[in-house]
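None of the values given here were measured: they were computed from a predicted structure. First the proteins, then the strands, lettered A, B, ... as listed; each starts at 1.
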2 protein chains.
Amino acid sequence: MRAETIENYLKTIYNLSSDNRAVVTNQRLADRLNINPASVTEALRKLHELKYVVYEKSYGTRLTAIGSKMAIDIVRRHRIWETYLVKELGFGWDEVHEIAEELEHVKNDKLINKLAEILGNPSYDPHGDPIPDAKGKFQKNKFISLQEAKAKTSYKIMGVSDHSPVFLKYLEKNQLIIGADIFVKDVEEVDGSLLIHCNKKDVIITPKVAGNLIVKAL
Amino acid sequence: MRAETIENYLKTIYNLSSDNRAVVTNQRLADRLNINPASVTEALRKLHELKYVVYEKSYGTRLTAIGSKMAIDIVRRHRIWETYLVKELGFGWDEVHEIAEELEHVKNDKLINKLAEILGNPSYDPHGDPIPDAKGKFQKNKFISLQEAKAKTSYKIMGVSDHSPVFLKYLEKNQLIIGADIFVKDVEEVDGSLLIHCNKKDVIITPKVAGNLIVKAL
DNA sequence: ATTATCTTTTAGGTATACCAAAATTAATAA
DNA sequence: TTATTAATTTTGGTATACCTAAAAGATAAT
Ligand SMILES: [Mn+2]
Ligand SMILES: [Mn+2]
Ligand SMILES: [Mn+2]
Ligand SMILES: [Mn+2]
């Protein structure tokens, strides 16, 4: 298997299982990777053979210790590059994910560690995701999605789970950026939309947007 | 064809034809790319079909205007990255070629132009190769290889044509670095080896080494 | 418990990018 | 010019990473 293919599968399995710590289904992998389910089955069989995952037919997949180590390494490269592009090279947080998707595959420890050093070994990337250190260790925080928020409660935005330019530009337009404090005034029963107060303004956000905002209760 | 494959072919055709401005033979491509001649024939047919090269069967290949533009763009990315790695990230000139081989395939103009800007839009990379600007323009200098040097003449080292770590480490050991002035004391008839004076020391170098040193007569 | 639906796997294909061996063509030397 | 050698192309593979359509398996609904 090509290194890039392996890396994209492992990273995606990692990202899908770290949210809910469960085994990953073929369908979710197929959706996320934009690949046909039949091809996913094939790839998982090979990754199992290579001992990167434990793939149980018709049940699901999880990373082995080796696979997990590799995945965390890729995630580190991705997030260090995103941070470097924003902090050192003047890119916007909405521009970096796509470039990092390519840069993450350049495997050179000295390079990544140097970038991290220049950045002061940051703990979080521009989207609020934690950056593993060179040994793969990092903060596992238990934040919630704003969709699970209760009315009449204050929260702080800690991150975003959708890294697409269109979503990030929308957030910026509404000043819903990392670090912002928001107060949930009301949750609409009918459609799950939220009336929130943020930056001295009231904004209504859909459950879709709320679902991609990672917050912590204040 | 995969973008990376196309890019590696075009870059190599460019590098092989810029030296001697002639058409490139399949064999030289096969050797340089470490690919079977039969595969090169196949690839050239496709690159011709795609209008990146003019490939005349059993004769040779040259780049079209479009292919040349692409090749220069890849060369720019390669050389900017090599310079950035050395100047901004503290790598040795012997470490960067391999990393740049991968980074050159990340196609993002804003990224490369930003790196170039930080470097002050340099004209030469760490190996003395000229760096094309964003429009593809660059100095075409007519230096010679030290192998063509005459006895009792002074030269300045302007570049190297072998970027391998082992060769560059050898040069560094003997202080045969870019900018150094050398005086060719004698050229040995028997084996073409050169007795040169450099940095207050006499050194004997083989024609192989001399052939990879690019110099200008003083 | 049976049907309907959704998920996964199998089977059979395509396109890419390689390779080795043989056949052809070109270049060089006798 | 005719061998001999070298370069190139053709032919017939392989491996990878996808795909579609159909079969099989699992889940949920009646
Ligand atoms: Mn990202
Ligand atoms: Mn990727
Ligand atoms: Mn190089
Ligand atoms: Mn390359």
(message) Restricting to side chain to side chain donor-acceptor pair (under 3.5 Å), what partner residues turn up for B:Asn174, sequence neighbours left out?
(response) none
(message) I need the CG-P distance between B:Leu44 and D:dT9, as an integer number of Å.
(response) 8 Å
(request) Remember a base hit wins even if backbone is also touched, and classify B:Arg45 as base, sugar-phosphate or nothing at under 4.0 Å, heavy atoms. (result) sugar-phosphate
Give the table of side-chain donor-acceptor pairs shorter than 3.5 Å for residues 51-58 of chain B, with sequence neighbours excluded, one pair per line with atom names and distance.
none

(request) Just jot down the salt bridge (Lys or Arg N to Asp or Glu O under 4.0 Å) partners of A:Asp94, sequence neighbours excluded, or say none. (result) A:Lys169
(request) Answer yes or no: does atom CD1 of A:Ile144 have more than 12 heavy-atom neighbours from other residues, nucleotides or ligands under 6.0 Å? (result) yes
(request) In whole angstrom, give the distance that lies between atom CG of B:Asn26 and atom P of D:dA6. (result) 18 Å
(request) Toss me the dot-bracket line for DNA chain D: Watson-Crick and G-U wobble, both under 3.5 Å, 5' to 3', using | for pairs to another strand and [ ] for crossers. (result) ||||||||||||||||||||||||||||||
(message) In terms of relative ring orientation, are B:Tyr170 and B:Phe167 parallel, tilted or perpendicular, with 30° and 60° separating the classes?
(response) parallel
(request) Return the set of residues passing side-chain contact (heavy atoms from CB on, under 4.5 Å) with A:Glu117 (not counting sequence neighbours), or none when no residue passes. (result) A:Lys114
(request) Round to a whole Å and report the spacing from CZ of B:Arg28 to C1' of D:dA6. (result) 16 Å
(request) Using a cut-off of strictly less than 4.0 Å between a heavy atom of the residue and any atom of DNA chain C, enumerate the qualifying residues of residues 98-106 of chain A by number. (result) none
N/O to N/O distances under 3.5 Å, protein versus nucleotides 16-20 of chain D:
| from | atom 1 | to | atom 2 | distance (Å) |
| --- | --- | --- | --- | --- |
| D:dA17 | OP1 | A:Arg2 | N | 2.2 |
| D:dA17 | OP1 | A:Thr5 | OG1 | 3.1 |
| D:dC18 | N4 | A:Glu42 | OE1 | 3.0 |
| D:dC18 | N4 | A:Glu42 | OE2 | 3.2 |
| D:dC19 | OP1 | A:Asn36 | N | 3.4 |
| D:dC19 | OP2 | A:Asn36 | N | 2.7 |
| D:dC19 | OP2 | A:Ser39 | OG | 2.8 |
| D:dT20 | OP2 | A:Asn36 | ND2 | 2.9 |

Polar atom pairs between nucleotides 23-25 of chain C and protein, under 3.5 Å, N or O only, would you list them?
none

(message) List the residues meeting side chain to side chain donor-acceptor pair (under 3.5 Å) with A:Glu95, not counting sequence neighbours, and say none if there are none.
(response) B:Lys110
(message) Whole angstroms only, please: what is the CG-P distance between B:Leu29 and D:dA7?
(response) 14 Å
(request) Applying side chain to side chain donor-acceptor pair (under 3.5 Å), name anything that partners A:Glu101, two or more places apart in sequence or on another chain. (result) A:Lys11, A:His97
(message) Strictly distance-based, threshold 3.5 Å: is any side-chain N or O of B:Arg62 a donor or acceptor partner for the main-chain N or O of B:Val24?
(response) no
(request) Return the residues of residues 47-57 of chain A meeting this criterion: a heavy atom under 4.0 Å from some atom of DNA chain D. Order them by number, or give none. (result) none
(request) Please step through salt bridge (Lys or Arg N to Asp or Glu O under 4.0 Å) for the pair B:Asp73 and B:Arg77, ending with a clear verdict. (result) CA-CA 6 Å; B:Asp73 226 64; B:Arg77 296 200 293 267; 3.2 Å; yes
(request) Quick one: list whatever passes side chain to side chain donor-acceptor pair (under 3.5 Å) with B:Ser161, sequence neighbours left out. (result) B:Asn212
